[in-house]
Each structure stands twice: as structure tokens, then as C-alpha cells.
Engineer: 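Following this message is one structure expressed as C-alpha cells.
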Amino acid sequence: MTRQQVREALAVLQSEVPHWDVPVITLMAQEHRDPYRVLIATLLSLRTQDQTTGPAAQRLFALADTPEAMLKLDQKTIERAIYPVGFYRTKAEQVLTISQRLLDEFDGQVPDDIDVLTSFHGVGRKTANLVLAEGYNIPAICVDTHVHRISNRWGYVKTKDPLATEMALRKKLPRDLWITYNPMLVALGQHCCKPTSPMCSQCPVASFCKRVGVQRSR
DNA sequence: AAAACGGGGGC
DNA sequence: GCCCCAGTTTT
């Protein structure tokens, strides 16, 4: 897959996405570009599916959408609001400790530096890059399992872990596509290019993919 | 009933 | 590099 083909593939996906679902965090960022909401929603979304994150995040933000307001909530209240996302105890704790540190050290603002972000407990590269991209509109490549899986299926990169994928994409992916790459691939991954049993016959970008017409184990 | 799903940290 | 963490959705 060449740079130009990736550009074309993303354009095709761009036109498909309206009748798929836009990932909830991207949708949220379109409504109000708020790094705090992006950070908290991403925290909730870790190791859970996109559709279950949405309602949970809505319930929580109805109660509090700033660090100050969040710290006024009882941990139990947060747990109840986010319950279906799983790991609700850990996640509620993280929401509170992160909010506290934002207030103590950053004047309530979410940092826009990847190293500072990943120094927070519970924030890894995926979360940090998504905060930069969706929260601040700063070019950043957020590599989740969809991005990792599909980039490799396409043959655009040949990497075995998400960090390697991020580094490879950093070299190969044109900078103006860094922000949109994640939401487009997430949408494709959820509706079509699934981890097991991908629906290649209905895939709008199959013509770009090295898998089509070639038998592969995965 | 069982397997798939999807990041981060501790060790 | 291996293990753990919890709940929803799909098979």
C-alpha cells in the first residue's frame, strides 16, 4: 500500500462513515473540543467496546464535566454512572486521582504533552495520543487494536505490537492524515474489518488490501 | 455455555 | 514477555 493509496482509502472511508457510526470520542470532540472530556471518556473506553462507552460517558458528564466538579462526586456515584464499561472500580478511582492531579499541578488544564500525559497513572500512549488528536487537534497517531490490525492487514506496515505500529506510521503516514486515521479505521474495524471473520466481500476498501484474493491465516 | 472483545501496569 | 484486571456482545 502506497501513501497515495492510503489517502484514497481514507477518502473512501470518509464517505462510508456517515452510514456507519463515528467513534463516540470523535463525535464528542466534534460537539465541543474539550480535552478533559476526551481524556475521561478515553479512560472509560479502555478495554471496552465503543458502543458501551458512549452512554456511560454521557451519564458521567451529566454529573460533572470539569476536574473541580468531578472531585465533588463520591466514588460510588461515579462507579454507578459508568458501571457497564467494566473495570468500573479502577476506572472511577483513576478519574478521581487524575482530576485531583490536574487541579493540583496543571491548574485544572489537561496537558498537551505526550510525556506528561503518559506520566499519569492509567494513561498510556493510546490514550495520550487520542487526547492530543481529538482534544487538541494536534497531529498524533492513536494506535488501538483496530489501527494495529487493519494497518497490518492492508500490508501498509508489518509490525507486531502497537508501539512499533505507531513508529512505522509516524514515518509512512502523511502528517495531514494522522488525526483522521484512527477514527476511520475504528469505524471500518467495527463494521467490517473485524478481528475474526472480516467481511471482505462488503469492504469498501478491499481493492487496496493485500488480503483480498490472497489466502492468509489472519 | 463459552468465547470474543480491547489498554495499561506490575512484575 | 507474561499475567492480571470486569463486564457486554456474539457465537
Side-chain angles (χ1 to χ4, degrees), chain A residues 20-29 35-60 75-102 110-111 113-135 140-153 157 159-170 181-200 202 216-218:
Chain A
W20 288 342
D21 295 319
V22 179
V24 291
I25 292 173
T26 305
L27 208 60
M28 227 180 50
Y36 182 69
R37 285 185 185 237
V38 172
L39 174 58
I40 299 300
T42 307
L43 233 39
L44 301 187
S45 79
L46 294 185
R47 216 154 162 71
T48 117
Q49 256 116 303
D50 198 65
Q51 330 118 36
T52 73
T53 306
Q58 293 303 340
R59 281 196 298 277
L60 181 59
Q75 185 176 324
K76 287 277 180 234
T77 308
I78 300 179
E79 289 177 11
R80 240 176 288 124
I82 68 174
Y83 185 81
V85 301
F87 304 96
Y88 57 90
R89 243 173 260 112
T90 315
K91 288 175 180 178
E93 255 175 53
Q94 287 175 347
V95 166
L96 284 173
T97 55
I98 288 176
S99 298
Q100 186 68 61
R101 196 172 152 205
L102 288 176
V110 175
D113 181 298
I114 185 150
D115 295 319
V116 179
L117 283 167
T118 52
S119 76
F120 282 71
H121 200 275
V123 178
R125 294 194 71 84
K126 186 253 176 175
T127 307
N129 277 315
L130 202 61
V131 167
L132 296 181
E134 299 288 10
I141 305 169
C142 171
V143 178
D144 56 22
T145 58
H146 294 293
V147 169
H148 180 61
R149 178 182 71 253
I150 297 174
S151 298
N152 276 282
R153 280 183 177 168
V157 299
T159 47
K160 66 174 207 346
D161 61 81
L163 182 59
T165 303
E166 188 190 327
M167 295 317 168
L169 288 175
R170 196 180 273 279
Y181 194 74
N182 173 279
M184 292 303 105
L185 266 62
V186 170
L188 178 66
Q190 281 170 346
H191 290 87
C192 176
C193 194
K194 303 187 176 181
T196 57
S197 63
M199 301 137 80
C200 299
Q202 307 171 39
R216 304 220 153 244
S217 46
R218 27 184 286 134

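Here is the naming used below: chain letters follow the sequence lines, and residue numbers restart at 1 for every chain.
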Engineer: If you round to the nearest 0.5 Å, how far is CE of Met28(A) from CD of Gln58(A)?
Structural biologist: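 Here the rounded value is 8.0 Å.
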Engineer: What does dG10(B) pair with, Watson-Crick or G-U, if both distances are under 3.5 Å?
Structural biologist: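 Paired with dG10(B), as far as the under-3.5 Å criterion goes, is dC2(C).
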Engineer: Over 60° means perpendicular and under 30° means parallel, so classify the ring planes of Tyr83(A) and Tyr88(A), tilted if in between.
Structural biologist: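 Tilted, since the angle between the ring planes falls between 30° and 60°.
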Engineer: Strictly under 4.0 angstrom, non-hydrogen atoms only: write out the protein contact profile of nucleotides 4-11 of chain B, one letter per nucleotide from the 5' end, B, S or -.
Structural biologist: SBBBSSS-
Engineer: Nearest 0.5 angstrom please: Thr97(A) OG1 to Gln75(A) CD, how far?
Structural biologist: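 Going from OG1 on Thr97(A) over to CD on Gln75(A), the span is 9.0 Å.
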Engineer: Sorted by first residue and then second, give each salt bridge (charged side-chain N to carboxylate O under 4.0 Å, His left out) pair with at least one member in residues 87-98 of chain A; sequence neighbours left out.
Structural biologist: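 Those involving residues 87-98 of chain A do not exist here.
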Engineer: With nearest nucleotide decided by heavy atoms, which residue, Lys160(A) or Gly86(A), maps closer to the 5′ end of DNA chain C?
Structural biologist: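 Its nearest nucleotide lies further toward 5', so the answer is Lys160(A).
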Engineer: Does Arg101(A) count as lying over the ring of Phe120(A), i.e. NZ or CZ under 6.0 Å from the six-ring centre, within 45 degrees of the axis?
Structural biologist: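 Yes, a cation-pi geometry.
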Engineer: Starting at the 5' end of DNA chain C and moving along, which residue's nearest nucleotide shows up first, Ser197(A) or Thr52(A)?
Structural biologist: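 So the residue in question is Thr52(A).
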Engineer: Nearest 0.5 angstrom please: Arg125(A) CZ to Thr118(A) OG1, how far?
Structural biologist: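 Between atom CZ of Arg125(A) and atom OG1 of Thr118(A) there are 7.0 Å.
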Engineer: If I take atom CG in residue Asp161(A) and atom P in nucleotide dC2(C), what distance separates them, rounded to the nearest angstrom?
Structural biologist: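 For the pair Asp161(A) CG and dC2(C) P, the rounded distance is 13 Å.
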Engineer: Using atom P in both nucleotides, what's the gap between dG6(B) and dT11(C) to the nearest angstrom?
Structural biologist: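 13 Å, rounded to whole Å.
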